[in-house]
A.B. asks: 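Before I ask anything, let me first share the structure, which is written out below as structure tokens.
Computed from a predicted structure; not experimentally measured.
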2 protein chains.
Amino acid sequence: MALKVRKNRSPKPPGPCPLTECMAVIGGAWTANIIWNLSGGPRRFGELRIDIPAVSPKVLTTRLRELERKGVVNRKVKPTSPPSVEYSLTGLGAELIPAIEAIVAVGHKLKHRHDC
Amino acid sequence: MALKVRKNRSPKPPGPCPLTECMAVIGGAWTANIIWNLSGGPRRFGELRIDIPAVSPKVLTTRLRELERKGVVNRKVKPTSPPSVEYSLTGLGAELIPAIEAIVAVGHKLKHRHDC
DNA sequence: TTTTCCGGTTACCGCAAGGAAACCATATAG
DNA sequence: CTATATGGTTTCCTTGCGGTAACCGGAAAA
């Protein structure tokens, strides 16, 4: 009575899983929200804090630094006074938008179904 | 010297954020992988363990139960012997596929860029 | 009788992610 | 002189997520 594994599995590419890899980028707390809020154009630190009121400055800094290191967002310091810092999506960051949009779309459907 | 918040923010719907809501569904460890592996058709517990070797039975059970409760997957027990349990995506679960696919697509791009 | 297989369950544990609150440096406005 | 705005940093602490490992119950195969 051997285990018969059916072959209708979805395609499994070799090497590190692209799904896991992408989730590692957008999976952190508030990460997707941050990217989503940057999709409308550059935004300053304080503006992001207003856009996402629940995020603490510590976490916001952490996420922005991570995303910068991964090449998803760009950090530009403007030598005004007091200096203001503008964050924007890089080309790579822009490529994440369709995925985020798809997630948002599902979120709407979930709300619709849930609706209790 | 008042704070001038620019208005180029992305649209913010009232109420609970759809983005956060959807991420709560697909955000758990291995969750997206599980849904992805079910997108090719129904799959048994043991098959999923083979598809995703790194997932422990405990976590796999937890995730499947969560997804079942949220109406994303369907659990069907077949009274064979030993009994086999088949998991499949519900209609709601199927709606998640485009988002997952978008994430997978970005994962490929990430690998391409990274490529080290 | 013992083993194998399926689909789990249970107990235990470590650690890192994340929340809260306080603090900081600089420069201009009033 | 003091207040305010900006963009953080630092410290502390809790929670819970997820990993490991062992165990389980029924049935059939050997």
Side-chain angles (χ1 to χ4, degrees), chain A residues 1-6 9 17 19-20 23-35 37-38 42-70 73-88, chain B residues 1-6 9 17 19-20 23-35 37-38 42-70 73-88:
Chain A
M1 200 182 203
L3 169 62
K4 264 167 251 165
V5 180
R6 296 168 294 180
R9 74 172 114 214
C17 172
L19 184 46
T20 307
M23 288 302 286
V25 173
I26 65 173
W30 306 114
T31 311
N33 267 280
I34 292 169
I35 297 173
N37 277 284
L38 289 178
R43 210 99 179 118
R44 284 178 295 128
F45 188 87
E47 290 174 317
L48 287 172
R49 290 206 62 188
I50 294 172
D51 295 339
I52 317 170
V55 72
S56 71
K58 171 195 161 188
V59 172
L60 183 54
T61 302
T62 305
R63 286 298 162 267
L64 288 170
R65 288 300 195 287
E66 282 177 8
L67 293 173
E68 188 189 3
R69 183 169 42 80
K70 291 173 181 169
V73 308
N74 203 297
R75 183 174 184 269
K76 181 160 63 180
V77 182
K78 293 184 165 182
T80 59
S81 115
S84 77
V85 181
E86 197 175 72
Y87 294 94
S88 55
Chain B
M1 201 187 202
L3 169 62
K4 263 167 250 164
V5 180
R6 296 169 294 180
R9 75 172 113 214
C17 172
L19 184 47
T20 306
M23 287 302 286
V25 173
I26 65 173
W30 307 113
T31 311
N33 267 281
I34 293 169
I35 297 173
N37 278 283
L38 289 177
R43 210 101 180 114
R44 285 179 295 130
F45 189 86
E47 290 175 316
L48 287 172
R49 289 206 65 191
I50 295 172
D51 295 339
I52 317 170
V55 72
S56 71
K58 171 195 161 188
V59 171
L60 182 54
T61 303
T62 305
R63 285 297 164 268
L64 288 170
R65 289 297 194 289
E66 282 177 7
L67 292 173
E68 188 189 4
R69 183 169 42 79
K70 291 173 181 169
V73 309
N74 203 296
R75 182 175 185 268
K76 180 160 65 179
V77 180
K78 294 185 163 182
T80 59
S81 123
S84 76
V85 183
E86 197 176 71
Y87 295 94
S88 55

A.B. asks: What is the distance, to the nearest angstrom, from the CZ atom on B/Phe45 to the C1' atom on C/dG8?
C.D. replies: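 The distance from CZ of B/Phe45 to C1' of C/dG8 comes to 6 Å, rounded to the nearest Å.
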A.B. asks: Side-chain N or O of A/Trp30 less than 4.0 angstrom from OP1 or OP2 on C/dG19?
C.D. replies: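 So the side-chain polar atoms of A/Trp30 do come within 4.0 Å of the phosphate oxygens OP1 or OP2 of C/dG19, strictly under.
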A.B. asks: Could you tell me the separation between the CG atom of B/Leu60 and the P atom of C/dG7, rounded to a whole number of Å?
C.D. replies: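 For the pair B/Leu60 CG and C/dG7 P, the rounded distance is 11 Å.
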A.B. asks: Between P on C/dG8 and NZ on B/Lys76, what's the gap in Å once rounded to a whole number?
C.D. replies: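 Rounded to the whole Å, the gap is 15 Å.
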A.B. asks: If you find the nucleotide of DNA chain C closest to A/Pro83 and the one closest to A/Pro57, which residue's nucleotide is nearer the 5' end?
C.D. replies: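 Going by which nucleotide is closer to the 5' end, it is A/Pro57.
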A.B. asks: Is there side-chain contact between B/Phe45 and B/Thr61, with at least one heavy-atom pair below 4.5 Å?
C.D. replies: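 Yes, close enough: below the 4.5 Å cut-off.
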A.B. asks: Specify the separation, in whole Å, of atom CG of A/Leu64 and atom C1' of D/dT9.
C.D. replies: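 It works out to 14 Å between those atoms.
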A.B. asks: May I have the distance from A/Lys58 (atom NZ) to C/dA20 (atom C1'), rounded to whole angstrom?
C.D. replies: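 Taking atom C1' of C/dA20 as the reference, NZ of A/Lys58 is at 9 Å.
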A.B. asks: Mind listing the closest non-hydrogen atom pair of B/Trp30 and B/Val59 along with its distance?
C.D. replies: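 So the minimum-distance heavy-atom pair works out to CD1-CG1, 3.7 Å.
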A.B. asks: Applying the side chain to side chain contact (heavy atoms under 4.5 Å, CB included) criterion to B/Arg43, which one of B/Ile34, B/Asp51, B/Val73, B/Val85 satisfies it?
C.D. replies: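 One option only clears the test, and that one is B/Asp51.
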A.B. asks: Hey, does A/Ser84 reach any base, or is it just sugar-phosphate, or nothing, if we go heavy atoms under 4.0 Å?
C.D. replies: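 The residue A/Ser84 makes sugar-phosphate contact but no base contact.
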A.B. asks: Is there a side-chain contact between B/Leu48 and B/Leu64, using heavy atoms and a 4.5 Å cut-off?
C.D. replies: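 Sidechains of B/Leu64 and B/Leu48: in contact.
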A.B. asks: Reckon B/Arg44 has a side-chain N or O less than 4.0 Å from the OP1 or OP2 of C/dG8?
C.D. replies: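 So the side-chain polar atoms of B/Arg44 never come under 4.0 Å of the phosphate oxygens OP1 or OP2 of C/dG8.
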A.B. asks: Taking NZ from B/Lys78 and C1' from C/dC5, how many angstroms apart are they, rounded to a whole number?
C.D. replies: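 Atom-to-atom, B/Lys78 to C/dC5, this comes out as 17 Å.
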A.B. asks: For the side chain of B/Tyr87, starting at C-beta, report the closest nucleotide among D/dC12, C/dC12, C/dG8.
C.D. replies: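 The closest nucleotide is C/dG8.
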A.B. asks: For a quick test of reading the model: is some side-chain N or O of A/Arg49 closer than 4.0 Å to OP1 or OP2 of D/dA5?
C.D. replies: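 Indeed not, no polar side-chain atom of A/Arg49 lies that close.
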A.B. asks: Specify the separation, in whole Å, of atom CZ of A/Arg65 and atom C1' of D/dG7.
C.D. replies: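 So the CZ-C1' distance, A/Arg65 to D/dG7, works out to 9 Å.
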A.B. asks: Taking CD from A/Glu47 and P from D/dG8, how many angstroms apart are they, rounded to a whole number?
C.D. replies: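 It works out to 13 Å between those atoms.
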A.B. asks: Closest approach to the side chain of A/Pro82, judged atom by atom: which nucleotide of D/dG19, D/dA5, D/dT11 is it?
C.D. replies: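 Nearest to the side-chain atoms of A/Pro82, counting from C-beta on, is D/dA5.
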A.B. asks: Could you give the distance from CZ (A/Arg65) to CZ (A/Arg75), rounded to the nearest 0.5 Å?
C.D. replies: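 One gets 4.5 Å once the value is rounded to the nearest 0.5 Å.
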A.B. asks: Report yes if a side-chain nitrogen or oxygen of A/Arg75 is closer than 4.0 Å to either non-bridging phosphate oxygen (OP1 or OP2) of D/dG8; otherwise report no.
C.D. replies: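 Answer yes for this pair, as a side-chain N or O of A/Arg75 is under 4.0 Å from OP1 or OP2.
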